[in-house]
Amino acid sequence: MTQKIDRTEDHLTLLVPKEGQYSQDYDPSVLETFINKHPDNDYWVRFNCPEFTSLCPITGQPDFAEIRIAYIPAEKMVESKSLKIYLFSFRNHGAFHEDCVNIIMKDLIRLMEPKYIEVKGLFTPRGGISIYPYANYGAPGTPYEQLAKERLARQEL
C-alpha cells in the first residue's frame, strides 16, 4: 500500500510565524537570556547571520548584510532564536550600517553584560561601495578591556 503524501503547506507550522512573533520594527525586548553553565571558563560564542536586512534611513532602500557576532560570556548568554527574531526586527528599521552594528552590540551588552563582545557587519555594495563596520567592547577594569583595544587596532582595512 502506497502512502499518500500531503503536498500542501498546512503541516509546516514551524515556518509560519505566530501572531505577534515577529516585530515589524526594531525591538530589543524580544531578546532573552539563559544562565551560562561555565562562567569560570573563557570561551567564544559566535553567531553568523548571513541574511540581515535593514533600510537606508534616507532612501528607504533595503540594505543587506552578513552580521557576525562573537562574545565571551560571563553569567548570561543570549538565546539564539530570540537573537534571530531580534535581528529580523531590523528589516523595516531605518539606520545606517554603522548604526546597526553599534545598536546590536549595545543591546547585547545591556542584555548579557559579557566579558567581551564584537559585532561586524559585512554589508553588500550599493552604489559601488561596500561598508564593513566593526564595534567591540571589553568589560572595564578587566583584561577584556585590553583585548578590545588590541582587536580593534588589528582590524583589517
Check: Within the distance-only criterion (no hydrogens, no angle test), does the side chain of N36 pair as donor or acceptor with the backbone N or O of A74 below 3.5 angstrom?
Finding: yes

Notebook entry, point to check: Under a 4.5 Å cut-off applied to non-hydrogen side-chain atoms, are K81 and E32 in contact?
Noted result: no

Margin query: Between R68 and E66, does any NZ, NE, NH1 or NH2 come within less than 4.0 Å of an OD or OE carboxylate oxygen?
Written below: yes

Notebook entry, point to check: Do F52 and F90 have ring centroids that are under 6.0 Å from one another?
Noted result: yes

Check: For the atom pair CG (L152) and CD (Q155), what is the distance rounded to the nearest 0.5 Å?
Finding: 7.0 Å

Next item on the list: Evaluate side chain to side chain donor-acceptor pair (under 3.5 Å) for Y134 paired with N102, printing each intermediate quantity in order.
Entry: CA-CA 8 Å; Y134 171 87; N102 279 281; over 6 Å; no

Note to self: Would you say that I117 contacts M105 through its side chain, given a criterion of any heavy-atom pair below 4.5 Å between the two side chains?
What the structure shows: yes

Check: Side-chain donor-acceptor pair under 3.5 Å between D27 and Y86, yes or no?
Finding: no

Note to self: Membership question, hydrophobic clusters at under 4.5 Å side-chain separation (ILVMFWY): are L147 and M112 in the same one?
What the structure shows: no

Next item on the list: To the nearest 0.5 Å, tell me how far S80 OG sits from F34 CZ.
Entry: 7.5 Å

Check: In Å and rounded to the nearest 0.5 Å, what is the OH to CD distance from Y132 to E98?
Finding: 13.5 Å

Note to self: Using the rule that Ile, Leu, Val, Met, Phe, Trp and Tyr join whenever any side-chain heavy atoms are under 4.5 Å apart, tell me whether V45 and L87 fall into a single cluster.
What the structure shows: yes

Next item on the list: If the plane angle is over 60° it's perpendicular, under 30° parallel, otherwise tilted; pick one for Y43 and H38.
Entry: perpendicular

Next item on the list: May I ask you to check whether over 12 heavy atoms, not counting those of E51, lie within 6.0 Å of atom CD?
Entry: no

Notebook entry, point to check: Should V119 and V30 be counted in the same cluster of Ile, Leu, Val, Met, Phe, Trp and Tyr side chains packed under 4.5 Å apart?
Noted result: yes

Check: Under the side-chain contact (heavy atoms from CB on, under 4.5 Å) criterion, do T53 and D63 qualify, and how do the steps go?
Finding: CA-CA 5 Å; T53 59; D63 289 316; over 6 Å; no

Note to self: Side chains of Q146 and Y144: any donor to acceptor distance under 3.5 Å?
What the structure shows: no

Margin query: Quick check: is I104 connected to I72 through a chain of hydrophobic side chains (ILVMFWY, heavy atoms under 4.5 Å apart)?
Written below: no

Checklist line | Test item: T124 side-chain N/O and F64 main-chain N/O as donor-acceptor pair under 3.5 Å | finding: yes

Item checked: Derivation of the ring pair (Phe, Tyr, Trp, His ring centres under 6.0 Å) call for Y137 and Y116 -> CA-CA 6 Å; Y137 162 88; Y116 175 83; 8.2 Å; no

Notebook entry, point to check: Is R91 atom CZ crowded by more than 12 heavy atoms from other residues, nucleotides or ligands, each under 6.0 Å away?
Noted result: no

Check: Judged by atom type as modelled, is there a donor-acceptor pair below 3.5 Å linking the side chain of T59 to the main-chain atoms of C56?
Finding: no

Notebook entry, point to check: Would you find more than 12 non-hydrogen atoms of other residues, nucleotides or ligands less than 6.0 Å from K76 atom NZ?
Noted result: yes

Check: Say you draw a straight line from CG of L31 to CD of E79; how long is it, rounded to the nearest 0.5 Å?
Finding: 9.5 Å

Margin query: Go through it in stages, so that I can follow the logic: the residues are Y71 and E118, the test is side chain to side chain donor-acceptor pair (under 3.5 Å), and I'd like the CA-CA distance, side-chain angles, deciding distance and then a yes or no.
Written below: CA-CA 6 Å; Y71 71 99; E118 58 189 35; over 6 Å; no

Notebook entry, point to check: Are L111 and V78 close enough that some pair of their side-chain heavy atoms sits under 4.5 Å apart?
Noted result: yes

Item checked: Derivation of the side-chain contact (heavy atoms from CB on, under 4.5 Å) call for K115 and D42 -> CA-CA 9 Å; K115 296 174 185 177; D42 281 348; 2.8 Å; yes

Check: Of the non-hydrogen atoms in H93 and S89, which two are nearest, and what is the gap between them?
Finding: CB-O, 4.2 Å

Next item on the list: Could you tell me whether the side chain of K120 reaches within less than 4.5 Å of the side chain of I67, counting heavy atoms only?
Entry: no

Note to self: Between S130 and P125, is there a side-chain heavy-atom distance shorter than 4.5 Å?
What the structure shows: yes

Check: S54 and A95: which non-hydrogen atoms are nearest, and at how many Å?
Finding: OG-O, 4.2 Å

Notebook entry, point to check: Going only through I, L, V, M, F, W and Y residues with side-chain contacts under 4.5 Å, is there a path from F96 to V101?
Noted result: no

Check: Got a second to check how far I131's CD1 is from L122's CG, nearest 0.5 Å?
Finding: 12.0 Å

Margin query: Does L108 form a side-chain contact (heavy atoms from CB on, under 4.5 Å) with L83? I'd like the steps, not just the answer.
Written below: CA-CA 9 Å; L108 292 173; L83 179 63; 4.3 Å; yes

